[in-house]
Amino acid sequence: MRSIYFDHSGTTPVHPEVAEEMYRYLTGDNFGNPSSVHHYGLQIRKVVTEAREKAAQAIGAGAGEVVFTSGGTESDNMAIHGAAYTNRKRGNHIITSAVEHHAVLNTVKALGKEGFDITVLPVDQYGMVSVDDVAAAITDKTILITIMHANNEVGTIMPVAEIGKLARERNIIFHVDAVQSFGKIPVNVDDLGVNLLSLSGHKIYGPKGTGLLYIRKRTNWRQTLFHGGAQERLRRAGTENIPGIMGLAKAIELAMENRETESARLRVLRDKLIRGLTGIEDVRLTGHPDKRLPNHASFLFKYIEGESMLLSLDMKGIAASTGSACTSGSLEPSHVLLAMGVPHEEAHGSLRITLGKDNTEEDVDYFLQVMKPIVEKLRDMSPLKD
Ligand SMILES: *Cc1c(COP(=O)(O)O)cnc(C)c1O
């Protein structure tokens, strides 16, 4: 049977060149601790410095502004918690949106319980935050705005550069979760006007458990979560994950090399897939029709449960997703779809197809061919359809 992976927003396979690079730093004499003064340590310190320069350059940053972390979740937590506590004397107001990843939303909510004043902005029917709403929410107590670059569930690309401009004018720290956008659309810290930016390795063909936090020079941000050694210039204590860092830097390098051609290729496949599926009755696209990630297609099917579609597709060898990986398994429908105004019962019928480097036009054709009978069968069985 064919095996087709259509869940690249959930995670991606490790690129062979990334695996090779990691293996190099798991074997032989490449095990040194970069804090050591002997040659085992110095040799590793040198390659990590080069990897950091390369990673920083990819987002238009300086090497001193990049901290390696254990992933997108840690980067988001560190960014938000650090900005909040370091600026507490100045104010206690934080602005975010209703469609953020839980790594942002739950961090901000936890701060709300600790006395911070939280504004969670609504989104429109496409999952888009309005720049005017951000402007209207700002008070003289606002210390942090955190808005994602592109949404993982519906693929919508947010107007972050305009929000960044607002934040800079008011001298408010701006954090952007760019986990989904990096490698697919341009991500440059100056163009976006960010102070803090999060990336994750495993969404860009890198290893799981690796990530990066960009911290702009002179941002009033200090580490408030990790206590320990002086690694990463006091911004992230703990002996560095050298194979992970080297793998992440390789993944970032490959993503930059391939971004434009690969995004153009996937956009064509995505559009074919969207045309095919929305041709079925009572199926509609979720997220913005054109301000969306080039590899991202997400839908709502009336009268069907997302979970049943996933199981039927999996029997045909196709791996897709419904809602987000974190919310599936629970009965709560996606907070993103609910925030977009999708009724509770309809939100259960979501399907997300996210394409990646090994997908071909034949994969899309096969998917469309098997999907039509699956929809018919599930609807015939559905108690939701009269
Ligand atoms: C996957 C994801 C994260 C979490 O990253 P991890 O490396 O899995 O911790 C954060 N934000 C967004 C938008 C994501 O898609």
Side-chain angles (χ1 to χ4, degrees), residues 5-14 18 55 59 66-81 96-110 123 127-129 146-158 160 175-185 187 192 194 196-214 225-226 236 241 244-245 247-249 251-252 255 286-288 291-298 320-329 334-337 339-340 350 352-356:
Y5 189 74
F6 272 166
D7 193 13
H8 291 84
S9 287
T11 193
T12 55
V14 174
V18 169
I59 53 171
V66 161
V67 175
F68 291 115
T69 70
S70 74
T73 300
E74 184 186 319
S75 296
D76 286 344
N77 272 266
M78 255 172 63
I80 294 165
H81 203 272
T96 190
S97 87
V99 297
E100 297 301 307
H101 190 276
H102 283 124
V104 166
L105 212 47
N106 289 344
T107 304
V108 171
K109 283 183 181 165
V123 292
M128 187 81 85
V129 164
T146 172
I147 302 281
M148 71 202 319
H149 194 186
N151 186 271
N152 45 304
E153 289 190 38
V154 296
T156 299
I157 299 168
M158 302 287 196
V160 283
H175 167 247
V176 165
D177 177 329
V179 169
Q180 290 292 337
S181 56
F182 182 79
K184 299 176 193 112
I185 57 176
V187 174
L192 300 181
V194 300
L196 301 159
L197 181 132
S198 306
L199 297 186
S200 169
H202 76 100
K203 307 285 174 74
I204 57 167
Y205 308 100
K208 290 169 184 60
T210 68
L212 179 158
L213 176 63
Y214 160 79
L225 287 173
F226 278 70
R236 208 279 190 173
N241 171 9
I245 288 171
L248 171 66
I252 288 174
T286 56
H288 202 279
K291 289 184 184 117
R292 68 181 303 130
L293 292 172
N295 71 323
H296 198 295
S298 54
S321 69
T322 174
S324 73
C326 316
T327 42
S328 63
S334 142
H335 68 289
V336 174
L337 295 173
M340 287 160 57
S350 75
R352 180 182 72 174
I353 306 289
T354 44
L355 306 171

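Worth saying up front: this structure is predicted, and the values here are computed from it rather than measured. When a ligand or atom number is given, it counts from 1 through the structure's own listing order.
A donor atom on one side chain and an acceptor atom on the other are found under 3.5 Å apart for Thr286 and Ser298. Of the N and O atoms on the side chains of Thr156 and His288, not one donor lies less than 3.5 Å from an acceptor on the other residue.
The distance criterion of under 3.5 Å between nitrogen or oxygen atoms is met by Lys203 with respect to ligand 1. Of the polar atoms of Thr73, at least one N or O is found under 3.5 Å from an N or O of ligand 1, judged by distance alone. Inclusion of Gln180 in the set of residues having an N or O under 3.5 Å from an N or O of ligand 1 is warranted. Polar contact check, Gly71 against ligand 1: no nitrogen or oxygen pair lies under 3.5 Å apart.
Annotation for Lys291: atom NZ does not count as buried by contact number, only 12 or fewer foreign heavy atoms lying within 6.0 Å.
No part of Glu74 comes within 4.0 Å of ligand 1, judged by heavy-atom distances.
Using a 4.5 Å heavy-atom threshold, the side chains of Met148 and Val104 count as separate.
In this structure, atom 3 (C) of ligand 1 lies nearest to the protein heavy atom His101 NE2, 3.5 Å. In terms of protein heavy-atom proximity, atom 6 (P) of ligand 1 is closest to Gly72 N, 3.5 Å. Looking at atom 7 (O) of ligand 1, its nearest protein heavy atom turns out to be Ser200 OG, 2.7 Å.
Between the Thr107 side chain and the Asn77 main chain, no donor and acceptor come within less than 3.5 Å of each other.
Nearest to atom 11 (N) of ligand 1 by heavy atom, out of Thr210, Val179, Asp177, Asp76, is Asp177.
Remark: of the listed residues Thr96, Leu196, Val176, Thr96 is the sole one forming a side-chain contact (heavy atoms from CB on, under 4.5 Å) with Thr146. With Val336 as reference, Asn151 is the one residue of Val123, Asn152, Asn151 to meet the side-chain contact (heavy atoms from CB on, under 4.5 Å) rule.
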